[in-house]
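Everything on this sheet refers to the single structure shown next.
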Amino acid sequence: MAARRITQDTFDDVVQENILEFAMDPEEAVNEAIQQFESQGVDLSNIVKAARNLAPESGQEQKHAILQILDCLQKAIIDADSETVDELLVRFAKQCHQELAVRYLAGEKGAYPAMMAACRLAAEDRHSLFKALHALSALLDGQPDLLDAAGQELLLRVLQESGDDADLTLAGIRCIRHACLKHEQNRQDLVKGGVLPLLAGAIVRHGDRADVVREACSGLRIMTFDDDIRVPFGHAHDHAKMIVVEHNGLRILIEAAKVFTDDCSVLSEICATLARLAVRNEFCQEIVDLGGLNFIVALLADCIEHQELVKQALSTIRAIAGNDDVKDAVVNAGGTDLIVLAMSRHLGSPQVCEQGCSALCMLALRKPENCHVIMEGGGALAALQAMKTHPREVAVQKQACMLIRNLVAHTQDFSQPILEMGAEDLITEARVAHRDCDDVAKAALRDLGCKVELRELWTGQKGDLAR
């Protein structure tokens with residue numbers, strides 16, 4: 001059942017009532033209103049939870065700060081007062097960065113048309129246009145539905161006409177990223193409009209700017225997402241294929257990585273994007289052929305302490321190991337030992353443990369010889385330690401169960417050593433605690449030689465159903 005929603009005005013009226021009729025101070029009045037509505041099952045995620053101030057001259061309630069700024073901004077735009085518009089855009093963006101509720105309220109009260117008008121007013125001034133795009137990106141964060149066809153055309157034109165301007169490129173890409181997250185139609189429209197070569201080109205043209213490369217990688221990656229629950233089927237695979245085949249995406253990313261060998265934040269973005277592009281067998285092999293695998297293995301060895309980079313590097317290894325030949329290349333490059341080391345070093349991180357188990361699981365799939373290397377390198381023990389450390393993390397439990405099953409599926413000699421590590425109890429606990437683990441846990445227990453109750457829910461024969 002969907003949670004109930006209220007308007008900002010309704011919330012503000014209750015706060016004001018608490019102040020005037022019950023003599024509460026503003027903070028107490030807000031907290032009382034929050035408690036009251038939440039007890040009724042109301043979702044307040046779209047509500048600015050603050051009391052409106054009183055105007056000193058009249059004692060009348062003022063609008064929320066974001067709406068006061070918006071009113072002044074709209075007037076300055078009508079007056080074509082560029083200097084005032086620039087100042088107000090900075091203040092508007094700062095307010096929007098506070099929380100989604102502030103952005104939502106602004107969007108409800110006409111902020112998007114104001115941002116578009118500010119962009120048009122600033123068309124000939126790069127400094128003003130940068131501020132307008134920055135404010136637009138702040139507004140679009142979490143509100144991709146606001147972007148319309150005119151906004152799409154504006155953003156594409158900015159990237160086309162200001163390709164040599166790193167700051168405008170950065171601001172434009174950030175708008176696109178916010179507009180495409182969880183919005184399939186915006187993605188498809190922008191791809192049709194030619195956004196992919198513009199994003200890839202930004203990485204090449206501004207390859208020495210870490211912020212632009214990070215943002216462009218994130219923009220490319222979001223084009224491969226399938227995260228809009230309103231759409232039954234997206235174009236994630238098609239977009240990934242276009243980035244690789246039509247726009248040389250893999251080579252561009254790997255070459256960019258070589259420039260930022262000391263910048264873990266850029267390398268994390270590049271690894272995450274490579275993982276999203278490894279959607280076909282030949283793409284996985286191409287990453288290896290371009291030197292991507294050697295680079296990623298070196299990253300794991302050299303940056304083992306950087307948790308986020310380790311997580312993304314493991315994710316990339318898991319993705320490219322979908323190719324059976326690449327599995328062997330990873331093992332031959334010493335990848336399994338580094339994966340186990342990474343999991344041991346970051347045992348407290350469920351994300352690293354999940355990606356590590358998943359990568360080892362892929363390397364073991366259909367490869368008995370790789371299973372020997374993983375076992376000898378302590379992979380099974382690392383997976384069981386991850387299960388013990390993160391009993392409530394279903395993703396860790398599931399990937400670890402799948403790894404154990406792959407290790408013993410074709411090599412029964414591993415069953416006894418793994419059982420002696422305490423695998424049966426841990427897998428059984430995972431099965432009980434997490435419904436999503438039931439199938440993989442049963443399969444792991446079965447292949448380990450443990451007794452598993454396999455209930456036959458229906459035989460397909462005619463007869464009375466048990467009540």
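In what follows, every heavy atom counts, from backbone to side chain, and hydrogens, waters and symmetry copies are set aside.
- At least one donor-acceptor pair closer than 3.5 Å links the side chain of His206 to the backbone N or O of Gly163.
- One finds the NE2 atom of His178 at 8.0 Å from the CZ atom of Arg103 (value rounded to the nearest 0.5 Å).
- The number of heavy atoms from other shown groups lying within 6.0 Å of CD (Glu124) does not exceed 12.
- Side-chain atoms of Phe295 and Leu267, non-hydrogen and from C-beta on, do get closer than 4.5 Å to each other.
- Applying the salt bridge (Lys or Arg N to Asp or Glu O under 4.0 Å) test between Lys367 and each of Asp328, Asp325, Asp324 identifies Asp328 as the sole match.
- In terms of modelled atom types and a separation under 3.5 Å, the side chain of Asn406 and the main chain of Ala364 share no donor-acceptor contact.
- In this structure, Ser137 contributes its side chain and Gly172 its backbone to no donor-acceptor pair below 3.5 Å.
- Side chain of Gln152 to main chain of Leu190: no donor-acceptor pair is present (N/O by atom type, distance under 3.5 Å, no hydrogens or angles).
- Closest approach of Arg276 and Phe225 over heavy atoms only: NH2-CA, 3.6 Å.
- No more than 12 heavy atoms of other residues, nucleotides or ligands shown are found within 6.0 angstrom of CZ on Arg392.
- Val90 places a side-chain heavy atom less than 4.5 Å from the side chain of Lys131.
- You'll find the side chain of Glu308 stays beyond 4.5 Å of the side chain of Gln351, heavy atoms only.
- How far NE2 of His64 is from CD of Gln8: 4.0 Å, rounded to the nearest 0.5 Å.
- Inter-residue side-chain proximity for Glu255 and Leu290 is flagged as unmet; no heavy-atom pair is nearer than 4.5 Å.
- From Met115, atom CE reaches atom CG of Leu70 across 6.5 Å, with rounding to the nearest 0.5 Å.
- Nearest approach of Leu220 to Ile203, heavy atoms of both residues: CD1-CD1, 3.9 Å.
- Asp13 approaches Arg52 most closely through the heavy-atom pair OD1-NH2, 4.4 Å.
- In this structure a side-chain-to-backbone donor-acceptor pair under 3.5 Å is present from Ser344 to Val340.
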- Message: Run Ile47 and Phe37 through side-chain contact (heavy atoms from CB on, under 4.5 Å) and show every step you take.
- Response: CA-CA 11 Å; Ile47 298 298; Phe37 283 117; over 6 Å; no

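- Minimum heavy-atom separation, Ala76 to Leu88: CB-CD1, 4.2 Å.
- In this structure the side chain of Val326 reaches within 4.5 angstrom of the side chain of Gln285, judged on heavy atoms.
- Using a cut-off of 4.0 Å between Lys/Arg side-chain N and Asp/Glu carboxylate O, Asp43 and Arg5 are scored as salt-bridged.
- Counting only distance, with no hydrogens or angles, the side chain of His434 and the backbone of Pro391 share a donor-acceptor pair below 3.5 Å.
- Between the side chain of Lys327 and the main chain of Ala321, a donor-acceptor pair closer than 3.5 Å is present.
- When each of Asp189, Ile176, Asn186 is checked for a side-chain contact (heavy atoms from CB on, under 4.5 Å) with Val195, only Ile176 meets the rule.
- Of the possible polar contacts, none joining the His183 side chain to the Gln143 backbone as a donor-acceptor pair under 3.5 Å is found.
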- Evaluate side-chain contact (heavy atoms from CB on, under 4.5 Å) for Leu44 paired with Lys49, printing each intermediate quantity in order. CA-CA 8 Å; Leu44 297 177; Lys49 303 170 192 68; 3.7 Å; yes

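- Other residues, nucleotides and ligands contribute only 12 or fewer heavy atoms inside 6.0 Å of the NZ atom of Lys75.
- Between His134 and Phe130, the ring planes are parallel. Angles under 30° get that label, and only those over 60° would be called perpendicular.
- For the atom pair CD1 (Ile374) and CG (Asp337), the distance works out to 10.5 Å, reported to the nearest 0.5 Å.
- Using a 4.0 Å cut-off between a side-chain N of Lys or Arg and a carboxylate O of Asp or Glu, Asp227 and Arg187 qualify as a salt bridge.
- A donor-acceptor pair under 3.5 Å is absent between the side-chain atoms of His390 and the main chain of Glu393, judged by distance alone.
- Scanning all heavy atoms of the two residues, the minimum distance from Thr261 to Lys258 falls at CG2-O, 3.5 Å.
- Within 6.0 Å of CD on Glu153 lie no more than 12 heavy atoms contributed by other residues, nucleotides or ligands.
- When all heavy atoms of Ala65 and Gln95 are compared, the pair lying nearest together is CB-OE1, 3.8 Å.
- In this structure, the side chains of Leu403 and Gln399 stay at 4.5 Å or more apart for every pair of heavy atoms.
- Using a 4.0 Å cut-off between a side-chain N of Lys or Arg and a carboxylate O of Asp or Glu, Arg126 and Asp167 qualify as a salt bridge.
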- Can Ser45 and Leu100 be said to form a side-chain contact (heavy atoms from CB on, under 4.5 Å), step by step? CA-CA 8 Å; Ser45 61; Leu100 176 59; 6.0 Å; no

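- Remark: side-chain polar atoms of Ser358 are not paired, donor with acceptor, to backbone N or O of Glu354 under 3.5 angstrom.
- Once rounded to the nearest 0.5 Å, the distance linking CD1 of Ile320 with CZ of Phe283 reads 14.5 Å.
- Looking at heavy atoms from C-beta onward, Leu133 lies in side-chain contact with Leu155 at the 4.5 angstrom threshold.
- The local environment of CD1 in Ile229 is sparse, with at most 12 non-hydrogen atoms from other residues, nucleotides or ligands closer than 6.0 Å.
- By the 4.0 Å N-to-carboxylate-O rule, Arg174 lies close enough to Glu215 to be salt-bridged with it.
- In this structure, the side chains of Met24 and Glu32 come closer than 4.5 Å at one or more pairs of heavy atoms.
- Distance check: Lys241 NZ to Glu246 CD gives 8.5 Å after rounding to the nearest 0.5 Å.
- In this structure, Asp9 places its CG atom where more than 12 heavy-atom neighbours from other residues, nucleotides or ligands lie under 6.0 Å away.
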- Task: Walk me through it: do Leu347 and Cys353 pass the test side-chain contact (heavy atoms from CB on, under 4.5 Å)?
- Result: CA-CA 6 Å; Leu347 190 59; Cys353 289; 4.0 Å; yes

